[in-house]
J.: 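Pasting a structure below so you can have a look.
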Amino acid sequence: MAEYHFVSIWQIQAPIERVWDEIYHSERWPSWWEYVVAVDELEPGAADGVGKRQRFLFRTRMPYMLSFEACLTSVKPPSKLETEATGELEGTGRWTLTSADGGTLIRYDWDVRTTKRWMNLLAPVARPAFNWNHHELMRVGGQSLARRLGADLASSQAQTRPHRPAGAAPWIIVGAALAALTVLGWRIRTSAGT
């Protein structure tokens with residue numbers, strides 16, 4: 001499995017309680033975050049939210065969708081949320097909110113492994129495209145959250161963001177797909193000869 005560590009930081013000029021409310025209530029995300037297709041509750045969890053399980057379906061800037069389940073493992077309003085993900089992505093997501101400069105500083109750490117075979121096969125050559133795709137999704141998430149709250153997005157950054165023009169991503173995928181097909185063809189020929 002290919003492993004990824006993403007850090008996204010948003011600075012939104014809105015009170016921490018309002019920001020917390022929108023992030024905590026992820027079932028609302030499809031109404032304001034364009035890349036979130038659906039959030040379905042699977043289990044309600046305890047009164048504080050711990051144990052709540054949801055299924056997320058994200059579309060991406062690239063031509064694929066991702067589905068995974070997330071279980072809330074830690075809830076400390078209005079500053080920390082932690083989830084454990086399983087499915088097409090496995091790992092841990094952590095939201096950390098801090099009051100700062102009259103608004104809210106939001107940090108999202110996403111430590112995941114991909115489980116889709118094609119993504120793992122392409123990871124050696126497509127990692128930059130997958131990174132770019134994640135950061136685009138999060139950039140739009142920050143903008144959308146600020147718009148939802150009627151607030152300014154003071155800053156949005158990704159610490160691992162690749163410096164690649166947006167138009168380059170489709171070509172990276174084409175190259176990665178051709179490389180994967182070449183490897184698969186070689187493996188098929190090799191296994192047929194034994």
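A quick note: this is a predicted structure, and the numbers were derived from the prediction, not measured.
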J.: Could you tell me if the side chain of Asn131 sits less than 4.5 Å from the side chain of Tyr4, heavy atoms only?
T.: yes
J.: Do Ile106 and Ile23 come close enough that some side-chain heavy atom pair is under 4.5 Å?
T.: yes
J.: Judged by modelled atom types alone, do Ser144 and Glu34 share a side-chain donor-acceptor pair under 3.5 Å?
T.: no
J.: In a check of salt bridge (Lys or Arg N to Asp or Glu O under 4.0 Å) between Glu88 and each of Lys116, Arg117, Arg113, which one passes?
T.: Lys116
J.: Please report the interatomic distance CG(Leu137) to CZ(Arg61), rounded to the nearest 0.5 Å.
T.: 10.0 Å
J.: Is the ring pair Trp118/Tyr64 parallel, tilted or perpendicular, if the boundaries are 30 and 60 degrees?
T.: perpendicular
J.: Looking at Glu69 and Arg55, is any side-chain nitrogen of the basic one under 4.0 Å from a carboxylate oxygen of the acidic one?
T.: yes
J.: May I ask you to check whether Trp95 and Trp110 place their ring centers less than 6.0 Å from one another?
T.: no
J.: A side-chain contact here means heavy atoms from C-beta on lying under 4.5 Å apart; do Leu105 and Arg107 qualify?
T.: no
J.: State which residues pass side-chain contact (heavy atoms from CB on, under 4.5 Å) with Asn120; sequence neighbours excluded, sorted by chain then number.
T.: Met1, Ala2, Thr114
J.: With a 4.5 Å heavy-atom cut-off, do Ser74 and Lys76 have their side chains touching?
T.: yes
J.: Under 3.5 Å, is there a donor-acceptor pair between the Arg148 and Ser31 side chains?
T.: yes
J.: Going by heavy atoms in the side chains, are Val37 and Phe58 under 4.5 Å from each other?
T.: no
J.: Could you tell me if the ring centre of Trp29 sits under 6.0 Å from that of Phe56?
T.: yes
J.: Would a single hydrophobic cluster contain both Tyr35 and Leu57, if residues Ile, Leu, Val, Met, Phe, Trp and Tyr are joined by side-chain heavy-atom contacts under 4.5 Å?
T.: no
J.: Is there a side-chain contact between His134 and Ser8, using heavy atoms and a 4.5 Å cut-off?
T.: yes
J.: Is it the case that the side chain of Asp152 and the backbone of Gln13 share a donor-acceptor pair, with hydrogens and angles ignored and the cut-off at 3.5 Å?
T.: no
J.: Checking the side chain of Trp10 only, and the main-chain atoms of Tyr108 only, is there a donor and an acceptor separated by less than 3.5 Å?
T.: no
J.: Could you check, using the six-membered ring where one of them is a Trp, whether His135 and Phe6 have ring centers closer than 6.0 angstrom?
T.: yes
J.: Quick one, Thr92 with Glu82, criterion side-chain hydrogen bond (donor to acceptor under 3.5 Å, both in side chains). Give me CA distance, side-chain angles, the key distance, then yes/no.
T.: CA-CA 7 Å; Thr92 305; Glu82 188 164 321; 5.1 Å; no
J.: Treating Ile, Leu, Val, Met, Phe, Trp and Tyr as nodes and any side-chain heavy-atom pair under 4.5 angstrom as an edge, say whether Leu81 and Val50 lie in one connected cluster.
T.: yes
J.: Glu41: what forms a side-chain contact (heavy atoms from CB on, under 4.5 Å) with it, not counting sequence neighbours?
T.: Pro44, Lys52
